[in-house]
Asks: 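Shown below is the structure under consideration.
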Amino acid sequence: MTIDNGDKHLAGGADGFPPGAGEATTPRRSASPIEFRLDAASGVPTYLQLVQQVEHALRLGYLKPGDQLPKVRDVVAALAINPNTVLKAYKELETKGLAVGRPGQGTFVQATLSQVALPELTELRRSLSGWLTAADGAGLDEDGIVALFTSALRDFYERRRGPRARGGAASSETEGVA
């Protein structure tokens, strides 16, 4: 997704990583601060990719209540997908209480998932960019970086939950396992 909120940009595919080959993007035809991208190789259904991109934008504070999502016709034209796919994604966002459709006007963000203020996110992003540069310098490719990050994230949350969440396994048994 590419999210444009003034001078702040967040680019990535459906999973938040830089877009890969074969992805389509929506042009900036509407007043929406979000631009959808599709990754045909991800295995994730198209409507879920749209939902996930909106959820990511909400979590990162790039979308806020009152913001308009791209009009269905604009998404359809840009991504060459069925209008029912976009409508299904928007309906899912409505079901989750995150968006609301206004007949004749479009679909608007109704709630947020943002957990951290934008200045803190900016600093975290800067720190993460430094880590990614170090990982790249160490010779890790994108898949290696994803594997290392996923493993570290899993270990972090397992340690927070304590030994019961791991079925009594010692922490040394899970460290370094992807």
Asks: Do the non-hydrogen side-chain atoms of R154 and T150 ever get within less than 4.5 Å of each other?
Replies: yes
Asks: Do the side chains of V109 and L58 get nearer than 4.5 Å, heavy atoms only?
Replies: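 L58 reaches V109 side chain to side chain.
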Asks: Would you say the side chain of V75 lies within less than 4.5 Å of the side chain of F36, judging by non-hydrogen atoms?
Replies: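 Yes, close enough: below the 4.5 Å cut-off.
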Asks: For T85 versus I81, what's the shortest heavy-atom pair and its separation?
Replies: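 In this case the closest contact between T85 and I81 is CG2-CD1, 4.3 Å.
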Asks: So which pairs with a foot in residues 128-138 pass side chain to side chain donor-acceptor pair (under 3.5 Å), sequence neighbours left out?
Replies: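 Found none.
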Asks: At their closest point, which heavy atom of P83 faces which heavy atom of V76, and how far apart are they?
Replies: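 Taking P83 first and V76 second, the nearest heavy atoms are CA-CG2, 3.4 Å.
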Asks: Where do T122 and R125 land on the side-chain contact (heavy atoms from CB on, under 4.5 Å) test, with the steps shown first?
Replies: CA-CA 5 Å; T122 301; R125 185 176 178 86; 5.7 Å; no
Asks: With sequence neighbours left out, what residues match R102 under side chain to side chain donor-acceptor pair (under 3.5 Å)?
Replies: none
Asks: I34 and V54: side-chain contact (heavy atoms from CB on, under 4.5 Å), yes or no, with the steps?
Replies: CA-CA 8 Å; I34 186 170; V54 169; 4.1 Å; yes
Asks: Side chain to side chain donor-acceptor pair (under 3.5 Å) with K96: which residues, sequence neighbours excluded?
Replies: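 Expected list: E55.
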Asks: Under the side-chain contact (heavy atoms from CB on, under 4.5 Å) rule, collect the residues that match up with L140, sequence neighbours excluded.
Replies: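 If we apply the side-chain contact (heavy atoms from CB on, under 4.5 Å) test to L140, skipping adjacent residues, the hits are A135, I145, L148.
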Asks: Run the numbers on L38 and L50 for side-chain contact (heavy atoms from CB on, under 4.5 Å), then give the verdict.
Replies: CA-CA 8 Å; L38 296 179; L50 301 179; 4.1 Å; yes
Asks: Roughly how far, to the nearest 0.5 Å, is CG of L132 from CD of E142?
Replies: 10.0 Å
Asks: Return the minimal non-hydrogen interatomic distance between E35 and Q53, and the atom names on each side.
Replies: O-OE1, 4.1 Å
Asks: Which value, rounded to the nearest 0.5 Å, describes the distance between K88 atom NZ and N82 atom CG?
Replies: 11.0 Å
Asks: Between Q105 (side chain only) and Q68 (backbone N and O only), is there a donor and an acceptor less than 3.5 Å apart?
Replies: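 No: the side chain of Q105 does not pair with the backbone of Q68.
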Asks: Nearest 0.5 Å please: distance from the CG atom of L113 over to the NE2 atom of H56.
Replies: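 The distance works out to 10.0 Å.
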Asks: D67 and F108: side-chain contact (heavy atoms from CB on, under 4.5 Å), yes or no, with the steps?
Replies: CA-CA 6 Å; D67 286 343; F108 295 82; over 6 Å; no
Asks: If you compare all heavy atoms of S32 against all heavy atoms of P70, which two are closest, and at what distance to 0.1 Å?
Replies: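 Heavy atoms of S32 and P70 come nearest at OG-CD, 3.2 Å.
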Asks: Side-chain heavy atoms nearer than 4.5 Å, only ILVMFWY residues, links allowed to pass through others: does that put F149 and Y157 together?
Replies: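 Yes, because F149 and Y157 connect within a single hydrophobic cluster, where side-chain heavy atoms sit under 4.5 Å apart.
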Asks: Test of understanding: with salt bridge (Lys or Arg N to Asp or Glu O under 4.0 Å), list the residues that count as partners of E123, not counting sequence neighbours.
Replies: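 Only R126 meet the salt bridge (Lys or Arg N to Asp or Glu O under 4.0 Å) criterion with E123.
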Asks: Among residues at least two apart in sequence or on other chains, which ones pass side chain to side chain donor-acceptor pair (under 3.5 Å) with Q110?
Replies: none
Asks: If every non-hydrogen atom of S42 is compared with every non-hydrogen atom of Q49, which pair is closest and at what distance?
Replies: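 Nearest heavy atoms, S42 then Q49: OG-NE2, 3.3 Å.
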Asks: State plainly whether the residues D74 and K71 are in salt-bridge range, i.e. N to O under 4.0 Å.
Replies: no
